[in-house]
Protein chains: 2
Amino acid sequence: MNASDIAKIAGVSRSTVSRVINNYGNVTEETRQRVLEIIKEYNYVPHASAQMLAGKKSRIIGLFIIDTKDDNHGNKMCTSSYFSPFTSAVIDAANKQRYNVLSTIVNEQQDFNNVRELFYNKTISAGIFIGGKNSEPSIIEIIESGYNVAVIEQEVSNEQEPFSRSIVVNSDSFGGAYEATKYLIQLGHIAIAHITGDLEQFTAISRVEGYKKALAEGGIPLRNNMIVKGNYTEESGYKAVKKLLLKETPTAIFIANDSMCLGAMRAIEELGLKIPEDISLVGFDDIELARYLQPALTTVRIPLLNMAFMATNNLIKANEEEINFYANYKIPVELIIRDSCRKMK
Amino acid sequence: MNASDIAKIAGVSRSTVSRVINNYGNVTEETRQRVLEIIKEYNYVPHASAQMLAGKKSRIIGLFIIDTKDDNHGNKMCTSSYFSPFTSAVIDAANKQRYNVLSTIVNEQQDFNNVRELFYNKTISAGIFIGGKNSEPSIIEIIESGYNVAVIEQEVSNEQEPFSRSIVVNSDSFGGAYEATKYLIQLGHIAIAHITGDLEQFTAISRVEGYKKALAEGGIPLRNNMIVKGNYTEESGYKAVKKLLLKETPTAIFIANDSMCLGAMRAIEELGLKIPEDISLVGFDDIELARYLQPALTTVRIPLLNMAFMATNNLIKANEEEINFYANYKIPVELIIRDSCRKMK
DNA sequence: CTGAAAGCGCTTACAG
DNA sequence: CTGAAAGCGCTTACAG
């Protein structure tokens with residue numbers, strides 16, 4: 001059953017069938033109705049590939065979750081609560097506009113080949129990248145090839161010309177880190193440590209900066225031993241805390257994401273310390289888990305759903321209007337106060 | 001840049017280019033190399049739609065997460081930890097075979113139209129369904145139209161002819177529920193309640209049956225008041241426990257999934273009771289959250305990753321061999337004992 | 001408002 | 001081993 005069959009049955013030409021399907025104006029209402037009925041009766045659906053070949057755009061967007069490291073349990077980060085709500089929000093937003101989303105997980109550098117191919121072979125007409133390190137060359141190449149791309153959490157500096165053709169959606173990592181640290185200071189903490197995220201990622205760098213600014217404002221001297229590197233995985237949080245507490249005795253730690261807090265809590269418990277009595281903790285992300293932890297985790301909420309909507313809707317808009325347009329959003333974050341911090345007397 | 005351009009540059013015909021790309025035998029090694037080089041040099045990638053139109057199968061499979069209810073917080077269930085690992089496992093398995101996955105979330109009945117369209121317009125060559133109620137008519141229609149489908153957690157009874165052309169992957173809900181309940185009995189519990197899942201789903205029914213069997217074996221009379229209906233959402237777990245504890249005083253509850261346990265724990269806490277001192281709890285699923293709860297939740301682990309691999313690999317195989325084949329797997333589950341149950345003296 | 005025809009970029013018998 | 005040609009199922013100027 002194809003357009004010719006429908007045309008024959010309806011007693012019109014294939015052109016007319018096509019016009020009805022594409023909802024063009026120049027068809028008599030009567031003809032339109034007749035064709036529509038027959039389409040419905042025979043359950044006809046146009047062949048998507050044929051439509052594309054003949055000039056229609058793909059209504060598929062790609063969602064690429066970049067995750068080049070496992071935690072030591074062999075769990076991919078993508079399994080983690082962080083990406084899941086983002087993914088479903090993208091799907092939701094896309095489906096509402098009759099778009100579909102094809103998602104893949106990029107674990108190794110070579111997985112980018114698959115991603116490239118999806119753009120080049122026209123399977124997808126646009127793509128969203130989340131989770132990568134800053135200025136990932138593979139992403140830049142794709143943008144430079146003229147494809148529509150939205151990136152989440154990528155720094156756009158002046159040298160980064162390519163991003164000036166894409167949609168950038170960032171949360172306010174700097175502001176969030178600043179607020180989180182300031183909150184600890186306001187509670188009376190002075191010995192405030194920081195566990196960083198993966199410093200190849202923009203967010204991790206900004207969070208360090210936010211932390212430093214708050215300390216500076218609070219007149220608290222910055223001490224290098226109080227900053228320990230992590231990489232956003234639970235395991236790295238565990239190790240970082242163990243390392244930190246070997247030499248230092250902070251009363252509070254601002255940790256660059258919630259996953260690392262999980263590891264941190266385990267480490268702290270193993271050391272026989274209590275949260276928040278001995279150590280206060282603030283995380284970042286507000287993953288689903290956060291509110292179920294004991295104590296419930298104080299953390300900075302990233303409005304991932306909004307970010308997904310912004311990225312998806314703008315990307316589809318750019319695609320529909322056949323332009324690469326530039327947009328750069330910085331989405332505000334919110335400190336969610338729960339039970340993992342105590343007030344110093 | 002298309003196949004003709006490549007052919008021209010390489011000094012061969014388009015047929016030969018095509019043969020090289022498709023890795024057919026009948027090309028001189030020399031010619032093959034030359035063409036390959038030029039393809040690489042010009043970064044040529046064949047147009048997927050053209051390939052499909054000309055007879056190649058789509059290398060995209062659909063993943064359809066059926067979730068026709070929200071919990072009362074407006075969170076879609078798909079956001080929940082349950083589907084996330086399954087999704088990434090499907091993507092992983094597919095990507096390994098150079099397939100891609102397009103996923104959508106089915107919230108309302110009309111979303112099935114989109115799903116149907118993806119099959120009918122040949123965007124996808126096969127699809128996996130998870131989360132639906134039993135014998136969902138829309139799924140059956142698709143199977144009957146001859147498309148390759150894998151279903152997760154669907155009962156296949158004798159009347160269900162359609163499923164005899166599809167791949168069915170179920171976990172052993174009955175066995176898991178039986179083990180869970182038996183475990184409580186072995187701990188000395190007698191007043192064991194059950195909160196059911198959504199009874200339109202196969203899994204929920206089987207779990208009730210497993211619960212009943214264990215009681216029967218243990219010589220514990222079945223009491224209707226001890227079974228309260230839920231629908232797998234956190235909120236329903238909360239309400240069910242409130243309702244249950246109005247009239248009954250169970251010392252243990254077997255709850256049909258972990259999400260409902262979350263609600264149950266909240267309800268129990270509000271009533272001033274302690275887990276496991278006053279009430280023991282066993283869940284089902286072993287979502288990521290389960291081990292972080294306080295107390296860590298004893299629950300039945302479903303090997304979702306295995307199930308995802310089975311479904312995906314079999315589906316791709318069926319697709320490659322251009323057959324609908326039937327397979328019906330029942331995957332064993334495992335009771336994970338943590339801290340939410342106590343031994344009765 | 002409608003139809004005939006060209007063209008999208010491939011693959012695959014068919015012939016040699 | 002290789003090429004010319006038909007065909008996949010649409011859309012879109014073009015002409016009327």
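Below, read A as the first sequence line, B as the second, and so on, with proteins coming before strands; counting in each chain starts at 1. Just so we're clear, the structure is a prediction, and the values are computed from it rather than from any experiment.
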Between [atom2] on [N] and [atom1] on [X], what's the gap in Å once rounded to a whole number?
{"X": "A:L53", "N": "D:dC10", "atom1": "CG", "atom2": "P", "answer": "12 Å"}
{"X": "B:Q33", "N": "D:dC1", "atom1": "CD", "atom2": "P", "answer": "14 Å"}
{"X": "B:K57", "N": "C:dT11", "atom1": "NZ", "atom2": "P", "answer": "14 Å"}
{"X": "A:K122", "N": "C:dC10", "atom1": "NZ", "atom2": "C1'", "answer": "15 Å"}
{"X": "A:H47", "N": "D:dT11", "atom1": "NE2", "atom2": "P", "answer": "12 Å"}
{"X": "B:M52", "N": "D:dG7", "atom1": "CE", "atom2": "C1'", "answer": "16 Å"}

>> Suppose the criterion is salt bridge (Lys or Arg N to Asp or Glu O under 4.0 Å): which pairs have a residue in residues 7-17 of chain B, not counting sequence neighbours?
In response: none
> Where along residues 1-26 of chain A does a heavy atom fall under 4.0 Å from DNA chain D?
Replying inline: A:N2, A:A3, A:R14, A:S15, A:S18, A:R19, A:N22, A:Y24
>> Donor-acceptor pair, distance only, cut-off 3.5 Å: does the side chain of B:Q154 make one with the backbone of B:K133?
In response: yes
> Sub-3.5 Å donor-acceptor pair from the side chain of B:R59 to the main-chain atoms of B:R98, do we have one?
Replying inline: yes
Donor-acceptor side-chain pairing of [X] and [Y] below 3.5 angstrom:
{"X": "A:E37", "Y": "A:Y42", "result": "no"}
{"X": "A:Q201", "Y": "A:E155", "result": "no"}
{"X": "B:N313", "Y": "B:K96", "result": "no"}
{"X": "B:Y44", "Y": "B:N2", "result": "no"}
{"X": "A:E153", "Y": "A:S171", "result": "yes"}

> How would DNA chain C look in dot-bracket form, 5' to 3', counting Watson-Crick and G-U wobble pairs with both distances under 3.5 Å and writing | for bases paired to another strand?
Replying inline: |||.||||||||.|||
> Hey, is the side chain of B:S49 poking within less than 4.0 Å of OP1 or OP2 on C:dG9, counting only N and O atoms?
Replying inline: no
>> Taking only side-chain N and O atoms of A:Y44, does any of them lie within less than 4.0 angstrom of OP1 or OP2 on D:dC10?
In response: yes
> Once the angle between the rings of B:F64 and B:F119 is folded into 0 to 90°, is it parallel (under 30°), tilted (30 to 60°) or perpendicular (over 60°)?
Replying inline: tilted
> When you measure from the side chain of A:T28, which nucleotide among C:dT2, D:dG9, C:dC10 comes out closest?
Replying inline: C:dT2
